[in-house]
There are 2 protein chains.
Amino acid sequence: MRKRKGAGRPTIADVATQAGVSSITVSRALRDPQKVSERLRGRIDKAVRALNYIPDTHASALASSRSNVVGVLVPSLTNNVFADTLRAIYDALDGSPLQVQLGNSRYSAAEQERLVGIFLSQRPTAMIVSGIDQTPTARKMLEDANCPIVQIMETGPDPIDMMVGFSHYQGGRAAARHLIDQGYRHIGFLGARMDPRTTRRLAGFRSALEDAGMFDPDLVKTTTTSSSVTLGGVLVRELARHRPDLDAVFCNNDDLALGALFGAQKAGISVPGQLGIAGFNDLEMMEAACPTLTSIRTDRYGIGRHAVNMIHAALDGTPPLQKVVDLGFELQVRQSTDRTYRAT
Amino acid sequence: MRKRKGAGRPTIADVATQAGVSSITVSRALRDPQKVSERLRGRIDKAVRALNYIPDTHASALASSRSNVVGVLVPSLTNNVFADTLRAIYDALDGSPLQVQLGNSRYSAAEQERLVGIFLSQRPTAMIVSGIDQTPTARKMLEDANCPIVQIMETGPDPIDMMVGFSHYQGGRAAARHLIDQGYRHIGFLGARMDPRTTRRLAGFRSALEDAGMFDPDLVKTTTTSSSVTLGGVLVRELARHRPDLDAVFCNNDDLALGALFGAQKAGISVPGQLGIAGFNDLEMMEAACPTLTSIRTDRYGIGRHAVNMIHAALDGTPPLQKVVDLGFELQVRQSTDRTYRAT
DNA sequence: TAACTTAATGATAGCGCTAACATTAAGTCA
DNA sequence: TGACTTAATGTTAGCGCTATCATTAAGTTA
């Protein structure tokens with residue numbers, strides 16, 4: 001007789017034999033202890049410990065056609081922005097049986113599509129994906145997936161299922177308006193990577209400046225390389241050298257803003273006296289910096305928490321009436337854009 | 001006859017019917033296309049696309065008693081240190097069929113133990129776990145797991161299986177020696193969270209100062225709260241107020257060091273003139289800061305890459321002769337500990 | 001006390017895939 | 001030319017668990 005060897009690990013049947021009950025009783029005792037009498041439960045727990053039994057997720061998922069995986073796709077693990085959202089997702093899932101399966105799409109729509117396929121092959125309980133710019137194929141797969149889907153970090157008119165985020169366009173616009181209101185007149189833009197979200201921030205920035213009749217494409221400095229503090233310093237110095245009339249910069253993110261501050265300091269440009277600086281996201285360090293740095297605060301933690309709440313609601317059969325949630329943003333005005341500020 | 005409904009998705013059998021072949025042929029075509037004639041392969045591919053077939057990972061893993069999951073346990077997702085290592089792991093696994101399953105133990109050994117159990121229930125191909133301080137139960141589970149295990153970020157005498165990292169004790173010692181050599185005499189220590197690794201850095205720091213007859217417990221300022229730039233600023237100012245003779249600080253990590261720089265600037269303490277600052281890890285921003293910040297460079301990316309290489313080797317049946325790899329560290333001396341430096 | 005509910009346990013048949021063996025048709029070599 | 005390899009495909013029986021349908025014993029109602 002042919003035989004398969006398996007992994008050699010103890011199975012539920014081994015536990016059942018040891019405890020003198022049937023497999024299904026062990027299965028029940030492990031999944032829902034109340035369904036089994038206290039006497040048997042004790043025997044089963046003992047057998048589990050004696051054998052070092054660890055249940056097999058795959059067998060369980062196959063038999064019940066249900067896994068406990070929530071697939072989460074983010075474009076970067078290095079970026080603090082997503083770290084905060086991930087932390088919220090982990091926190092919100094704490095205590096539930098659901099497990100996060102994390103995927104890193106590296107800011108590539110093609111890679112996101114590939115990962116969507118891989119993740120769906122695990123029959124996840126739900127999916128959380130970053131952004132609204134999925135490929136048509138990825139979108140189709142997600143629509144067919146038959147599980148709650150939440151797109152995060154952005155809002156848009158056409159959710160696959162649910163959506164929670166904010167408008168990057170409006171965020172960019174608000175930052176630009178603030179700099180204009182502060183009296184800056186030659187306002188530059190520093191941008192890295194230029195993924196869809198940062199591109200929309202630039203669009204918002206541009207529209208505000210155009211409304212004020214102040215947009216100057218020559219003051220927009222972007223690169224497709226990935227963002228870093230170092231890069232912020234490089235870009236601001238290049239721009240300031242090229243355009244000595246530059247009096248403020250809106251940085252696409254806080255790393256660039258911090259780098260711009262350092263770059264200005266190294267070049268002997270006083271902040272905010274000669275150069276105003278505003279960032280985006282309001283990471284923790286912005287308040288700590290010297291001078292403190294103006295930024296657009298985004299609720300990254302709230303986005304993660306909200307996404308999980310929406311998933312729980314959908315799984316409970318009470319899908320939210322509002323499929324698209326905009327958590328907005330908040331301008332944090334600090335010393336780096338305060339023209340009356342004088343360093344001590 | 002009783003019947004189970006499954007998830008209603010197309011199965012490999014549906015594809016087989018559509019293509020006019022048997023299920024096993026479809027299975028082969030998908031896993032190893034060369035085993036199937038070109039003619040059938042074409043028909044099968046067509047059927048897969050027509051049905052939007054997505055293979056079921058769980059069924060596959062159950063049948064083959066082999067999953068394609070590499071479980072990775074880190075204590076934090078927010079900490080850039082682990083982000084770099086994770087990026088390396090993702091990069092090194094790119095192109096292989098292996099998938100990362102990421103767990104966040106939140107700096108808790110108990111949580112790490114819980115996650116080890118959950119991860120092993122997926123019968124992973126390999127496991128990567130942070131640190132060497134597993135609970136006895138977790139250690140036992142990993143030893144029994146029958147798959148390659150790599151402990152990362154640290155080195156120690158007694159690997160579960162394999163290990164790659166560096167000595168935090170020596171790192172702390174090297175930082176302290178450098179400050180002593182620079183002529184600093186009242187050297188403080190700023191530490192947050194104080195997990196096992198940061199504790200060992202402190203031990204190394206202490207031993208170097210003791211060797212020099214300079215250790216002063218009053219200059220050690222630690223907290224168990226988590227690290228942040230803001231906290232670095234708070235701690236350095238408290239310590240400087242309490243001990244005006246303080247002339248240098250070794251910060252447990254770079255966030256604290258950056259915060260210490262800002263805190264000193266806000267308090268009107270010049271760096272490095274009145275206060276030397278050294279950090280740990282050498283994140284990218286250290287070189288960009290103004291003044292540039294001294295740090296102990298650790299090869300976080302290398303650790304991740306190396307861990308994956310060790311796993312591949314073990315899976316290929318050629319386990320590395322050297323089970324414990326020490327990638328060391330490198331002191332990066334910069335302006336913040338250069339007593340001859342004068343700000344421009 | 002008959003008819004009926006409830007609680008606790010068990011027997012059986014899949015879930016969707018692949019390992020192991022089986023078969024067929026074609027080429028290969030002494 | 002017959003014994004033998006090789007390549008391509010198929011048949012069957014699980015992998016370890018749980019959904020579904022029994023079954024049994026005990027309590028509950030009219």
Side-chain angles (χ1 to χ4, degrees), chain A residues 1-44 47-48 51-68 97 120-123 146, chain B residues 1-44 47-48 51-68 97 120-123 146:
Chain A
M1 205 73 258
R2 68 177 89 158
K3 208 158 284 178
R4 296 269 273 277
K5 61 173 179 300
R9 290 166 156 286
T11 70
I12 214 171
D14 299 326
V15 176
T17 307
Q18 173 109 1
V21 298
S22 70
S23 310
I24 188 68
T25 303
V26 175
S27 176
R28 287 194 187 106
L30 295 176
R31 281 179 296 154
D32 193 353
Q34 301 169 358
K35 283 194 175 155
V36 171
S37 69
E38 200 169 337
R39 200 172 52 92
L40 291 193
R41 215 186 306 150
R43 297 223 306 263
I44 289 168
V48 164
L51 294 173
N52 270 316
Y53 170 71
I54 297 179
D56 186 309
T57 306
H58 300 296
S60 168
L62 179 58
S64 63
S65 62
R66 182 189 320 133
S67 82
N68 58 349
L120 290 182
S121 78
Q122 297 182 52
R123 314 294 182 234
N146 195 30
Chain B
M1 205 73 261
R2 66 177 88 159
K3 207 156 285 181
R4 297 268 273 278
K5 60 172 179 303
R9 290 164 155 288
T11 71
I12 212 170
D14 298 326
V15 176
T17 306
Q18 173 109 2
V21 298
S22 70
S23 309
I24 189 70
T25 303
V26 176
S27 176
R28 287 193 187 109
L30 295 175
R31 280 179 299 154
D32 193 354
Q34 301 169 358
K35 284 194 175 157
V36 171
S37 68
E38 201 170 333
R39 200 172 52 94
L40 291 192
R41 216 186 306 151
R43 297 225 305 262
I44 290 169
V48 164
L51 294 173
N52 270 317
Y53 170 72
I54 297 180
D56 185 308
T57 305
H58 301 297
S60 168
L62 180 58
S64 64
S65 64
R66 183 189 321 131
S67 80
N68 58 350
L120 290 182
S121 78
Q122 297 183 52
R123 313 295 182 234
N146 196 30

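So you know, we letter chains A, B, ... as the sequences are listed, proteins then strands, and number each from 1.
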Nearest whole Å is fine: how far is C:dA26 P from B:R39 CZ?
12 Å
Separation of A:R66 atom CZ from D:dC17 atom P, in whole Å?
16 Å
Out of A:H58, A:R123, A:R66, which residue meets the side-chain hydrogen bond (donor to acceptor under 3.5 Å, both in side chains) rule with B:H58?
A:H58
What's the spacing between B:N146 CG and A:R9 CZ if we round to 0.5 Å?
7.5 Å
B:V36 and B:R41: which non-hydrogen atoms are nearest, and at how many Å?
O-NH2, 3.2 Å
Rounded to the nearest 0.5 Å, what's the gap from OG on A:S65 to CG on B:D56? Could you check?
9.0 Å
Would you mind reading off the distance between B:L62 atom CG and D:dA13 atom P, rounded to a whole angstrom?
18 Å
B:L30 CG to C:dT18 P, straight-line distance once rounded to whole Å
8 Å
Could you give the CG-to-P distance, from A:D32 to C:dA8, as a whole number of Å?
11 Å
What is the distance, to the nearest angstrom, from the CD atom on A:Q34 to the C1' atom on C:dA8?
14 Å
Euclidean distance, atom CZ of residue A:R28 to atom P of C:dT9 [Å, nearest integer]
9 Å
Separation between CG of A:L51 and OG1 of A:T11, rounded to the nearest 0.5 Å:
9.0 Å
Counting side-chain heavy atoms from CB outward, which of C:dT18, C:dC15, D:dT9 is closest to B:A63?
C:dT18
Spacing of OG1 belonging to A:T57 relative to CG belonging to B:L62, to within rounding of 0.5 Å
11.0 Å
Whether the side chain of B:S121 engages the backbone of A:I54 through a donor-acceptor N/O pair (distance < 3.5 Å, no angle test) should be reported.
no
If we check side-chain contact (heavy atoms from CB on, under 4.5 Å) with B:Y53, which of these qualifies: B:I44, B:L30, B:D14?
B:L30
Within residues 12-27 of chain B, find the residues that approach DNA chain C with a heavy atom at under 4.0 Å, and present them sorted by residue number.
B:I12, B:I24, B:S27
For residues 15-26 of chain B, please give each side-chain donor-acceptor pair under 3.5 Å, one per line with the distance, not counting sequence neighbours.
from	atom 1	to	atom 2	distance (Å)
B:T17	OG1	B:A13	O	2.9
B:S22	OG	B:T25	OG1	3.1

For D:dT18, does either OP1 or OP2 sit under 4.0 Å from a side-chain N or O belonging to A:S60?
yes
What is the distance, rounded to the nearest whole Å, between atom CG of B:N68 and atom C1' of C:dC17?
14 Å
Those residues of residues 51-58 of chain A lying under 4.0 Å from DNA chain C by at least one heavy atom
none
